[in-house]
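Have a look at the structure below, then the notes.
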Amino acid sequence: MSKSPATRATARRERPLSPHLTVYRPPITMTMSIIHRITGGALYFGTLLVALWLMAAASTEATFDLVNWAFGSWLGRLVLFGYTWALVHHMLGGVRHLVWDTGAGLEKHTASKIAWATLAGSIALTLLIWIAGYMARGA
């Protein structure tokens, strides 16, 4: 570092803080983009669970019963619920990107509305899927 008095005076000045999570509030479009990537990764592991279930179905009855028991436990159902939400959310995020590819909905206000609709729609559709599944199972 320079020994010049001018440099030392500049170095002692208060420097502005860089935006970080405690200062900067990420926009909903950025948050949904990050969640879209995360759900894409989660779908990879969830698909491995589907493949496990299919392999168990092709195996012995005892193996299939074991996998069904694991998926039927509270933890298994929680994982399956999360997988369902990730699947629906990623699908709706893909539709959102498809709409953007046409050049529509790119205005800041419209993009934010679509992002919120993606989140609300994924939650609503996931709940509807699970409610319909429980109603069909009980019937």
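Annotation: side chain to side chain donor-acceptor pair (under 3.5 Å) contacts of Ser122 (sequence neighbours excluded): Trp85. When the side chain to side chain donor-acceptor pair (under 3.5 Å) test is applied to Arg37, no partner is found at least two apart in sequence or on another chain. A search for side-chain contact (heavy atoms from CB on, under 4.5 Å) contacts involving Ile129 returns Thr84, Val88, not counting sequence neighbours. Residues passing the ring-ring contact (aromatic ring centres under 6.0 Å, His included) test with His90, sequence neighbours excluded: His36. By the side-chain contact (heavy atoms from CB on, under 4.5 Å) test, Met30 is found to be paired with Tyr24, Pro26, Pro27, Ile34, residues two or more places apart in sequence or in another chain being considered. Taking Phe45 as the reference, nothing meets the ring-ring contact (aromatic ring centres under 6.0 Å, His included) condition, with sequence neighbours excluded. Taking the side-chain contact (heavy atoms from CB on, under 4.5 Å) definition, one finds that Leu49 meets it with Phe71, Val79, sequence neighbours left out.
Counting only residues at least two apart or in different chains, side-chain hydrogen bond (donor to acceptor under 3.5 Å, both in side chains) contacts with residues 56-67 comprise Thr60-Thr63. The ring pair (Phe, Tyr, Trp, His ring centres under 6.0 Å) contacts involving residues 105-133 comprise Phe81-Trp130, where partners must be two or more places apart or lie in separate chains.
For the pair Ile114 and Thr29, the minimum side-chain heavy-atom distance is 4.5 Å or more. Counting heavy atoms from C-beta on, the side chains of Ile131 and Met135 come closer than 4.5 Å.
In this structure, Phe64 is not a member of the same hydrophobic cluster as Leu66, with clusters built from ILVMFWY side-chain heavy atoms closer than 4.5 Å. Linking Ile, Leu, Val, Met, Phe, Trp and Tyr residues whenever their side-chain heavy atoms come within less than 4.5 Å places Leu80 and Tyr134 in a single cluster. Residues Met91 and Leu127 share a hydrophobic cluster, clusters being chains of Ile/Leu/Val/Met/Phe/Trp/Tyr side chains in contact below 4.5 Å.
Note: Leu87 CG to Thr47 OG1 = 8.0 Å, rounded to the nearest 0.5 Å. Between the CD1 atom of Ile38 and the NE2 atom of His89 there is a distance of 10.0 Å, given to the nearest 0.5 Å.
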Atom pairs and distances, side-chain donor-acceptor, residues 94-103, under 3.5 Å, sequence neighbours left out:
{"from": "Trp100", "atom 1": "NE1", "to": "Gly105", "atom 2": "O", "distance (Å)": "3.1"}
{"from": "Thr102", "atom 1": "OG1", "to": "Val99", "atom 2": "O", "distance (Å)": "2.5"}
{"from": "Thr102", "atom 1": "OG1", "to": "Ala104", "atom 2": "N", "distance (Å)": "3.4"}

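The shortest non-hydrogen separation linking Thr39 to Ala86 is CB-O, 3.8 Å.
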